[in-house]
Number of protein chains: 2
Amino acid sequence: MTAADSAALHAADGSTGPDATARAASPHTPHADEVITSWTVAREAGVSQSTVSRALRADPRVREQTRQRVEDAARRLGYVPNSLASSLASRSGRTVGVVVSDLTNPFFPSLLSPIHDELQLMGYRVVLFAERTDIPSGQDALNRLLDRSIDGVLVTTATLRSPLADTLRMRGLPLVLLNRYIDGLDVDRVISDNRGGAVAGARHLLELGHRRIGVVRGPSNTSTSRDRMAGLQDALHAEDIALDAALVREGSYSHQSGYQHTRDLLRLADPPTAILCGNDIVAFGAIDAARSLDVRVPQDVSILGFDDVPMASWEVFRLTTVSQPFEEMATAAARMLAERIDQHVEIGPGREQIFPATLVKRSTVGPPRS
Amino acid sequence: MTAADSAALHAADGSTGPDATARAASPHTPHADEVITSWTVAREAGVSQSTVSRALRADPRVREQTRQRVEDAARRLGYVPNSLASSLASRSGRTVGVVVSDLTNPFFPSLLSPIHDELQLMGYRVVLFAERTDIPSGQDALNRLLDRSIDGVLVTTATLRSPLADTLRMRGLPLVLLNRYIDGLDVDRVISDNRGGAVAGARHLLELGHRRIGVVRGPSNTSTSRDRMAGLQDALHAEDIALDAALVREGSYSHQSGYQHTRDLLRLADPPTAILCGNDIVAFGAIDAARSLDVRVPQDVSILGFDDVPMASWEVFRLTTVSQPFEEMATAAARMLAERIDQHVEIGPGREQIFPATLVKRSTVGPPRS
DNA sequence: CTGAAAGCGCTTACAG
DNA sequence: CTGAAAGCGCTTACAG
């Protein structure tokens, strides 16, 4: 999204505000459809078009008095600079593309909010590239990223071996990977310690006495899912316990996947006593599945999530999960990208920032029934 | 968002695809940072720049053979037209702005998905303007809507008496109001029958015998909240029942609001036997509140939502609610806007499309304890 | 401190 | 069917 905030727009209800310009404009714009450009403003202010351009961008070289005159004229006319022309001429629209997945998964809005806020603070607008499975237009989406309307890209849904990031990099587009990374691709990235977080989560289950641990993991082509699995294995190995392959299911990061796979697991002759879920939305599906089978959580089965989205703390869920510091991660990624775009940073090796992932104990994990 | 879908991007993992162009480009682009324009392609294909422009937009006047030659050259060079230049020259970027509220409320993603899909199908990219309460930049957001990067706007969060829509209209920007409308503003709008839906919901409660009905309504400056209240009053009047003002709370459309106000209502000396919530997210907060007080739903209190977001049917909620046909509404609004933009429709009076809102009975409403 | 002019990379009459 | 040229509305050296 060129996510902007219209909060203040609405907040301005009934006051002078956005509409003041429009009102003031009418006496000077007899024809409503007459386009107002910097030339119009120049004429009105009695200066050259170049001076208008400079004044409005607060170029220190223009005299304060002149700037004032230009700004007044611009306000009277309700002038808004044409961003297309300005971006074309300056070769930058201060616009960043953010690639996210299905917004229906609360994880992405949670990550997006801080990204948007930070980027906006730095003067960038953000255009959202939302993954949709039902409309096939990959080349289209890629082209929109490469059509010069975007100055840099934040990818939150990188898939292992996906050519997207590599293509963008070859095209010279500043790029930062957030949340998921790609093996052997030397670009900036901001991730959390998925492996460590999974170790903490798994250990918690083991300490409570769980031995038959089920898993509804995310897609194996994502670094997050792979690293979380690795963390689970680490914790298991430390206790000399083997993961029962029959209890491991792979699915998408969705409620549907959590629901279906958990139902399958719970209907096994010898069901797991705890289920480690790929992320929170999967865990919500798992909780739903348990409920649909009258299996109590955590008395009959423990459920562990990953992410700690806001919903996780709702009373109906009180999900025990591994928390990722969304805000800090988003902020760090936004800053990294801005640095690359603003050329403060040499084209150099990819930088990496790893944030801790910590266990948050709530009410969906307990000791196994014995 | 210029929401695009990267689904296929990722789907293209490892195949030839997006990166094929990049690969093929290298022999022809010794300097990676050399910008490739339509002139580069013209030289490569041995035609004029105008012909390149025409060929690539499939102008029927260019000979098939020429078109082929140009397309081949473009592919070899990995050429992607500069959308800024193209939009500036053609005065249209086929881009629509969609103003939504906090994406954290699942209602908006649910509405956004079909909007995005439909618009994309029609060749528009969509830029999301997401309302944020924590960053004050109303004029900023308005300017971004008016800076010529947007050809039309879909507003889903119009607030009664908000100047936004009026300003946009005065600026001549094609505009469609979706979900909420503004009194006395003659613009296109697509809404659901909020009043009728509320009547159906309230009647359901009355038929079950509820007489002390509590309300956690949405903001009074939204048409949705006001119309739903009117519907409730209609149903009450028909039965000659008066609404107890002490049981009516106004809040935002948020979990937090539903939670807090419901806790207050439930701790009253004589609490309501049913609570009509402003929308689903408020209802989820209400369910959480009941749970936090060990009040059973629906045995001790009935809870009714509005919207029927996907989460409403999750097992943990099984929320009885009033369903709005999101997809159809979104599609209708997208089409209406596209018509305005494409000038198929005269500047004329605002058109209105109203969709039915229907009661969906699930498990959060039952007879009152007697 | 300000202006005239070139240029950003396209689209689109206007000729031919 | 194709090309030369003007123009979209800005930014930014280059002069003064």
All side-chain contact (heavy atoms from CB on, under 4.5 Å) counterparts of S86(B), not counting sequence neighbours: none
Non-neighbouring partners of R69(A) that pass salt bridge (charged side-chain N to carboxylate O under 4.0 Å, His left out), sequence neighbours left out: none
Contact check, side chains of R54(B) and R61(B), non-hydrogen atoms, under 4.5 Å: yes
S53(A): side chain to side chain donor-acceptor pair (under 3.5 Å) partners, not counting sequence neighbours: R57(A)
D147(A) backbone acceptor or donor facing S83(B) side chain under 3.5 Å: yes
Pairing residues for R91(B) by the side chain to side chain donor-acceptor pair (under 3.5 Å) criterion, not counting sequence neighbours: none
Under 3.5 Å donor-acceptor, D151(A) side chain and R94(A) backbone: yes
Flag, side chain of S38(A) to backbone of Q49(A), donor-acceptor distance under 3.5 Å: no
Sugar-phosphate only, base, or nothing, as touched by S83(B) at under 4.0 Å among non-hydrogen atoms: nothing
Summary of protein contacts for nucleotides 9-16 of chain C, nucleotide by nucleotide, where a base hit scores B, a sugar-phosphate-only hit scores S (4.0 Å, heavy atoms): BBBBB---
Bracket notation of DNA chain D in which parentheses pair within the strand, [ ] cross earlier pairs, and | pairs with another strand (Watson-Crick or G-U, under 3.5 Å): |||.||||||||.|||
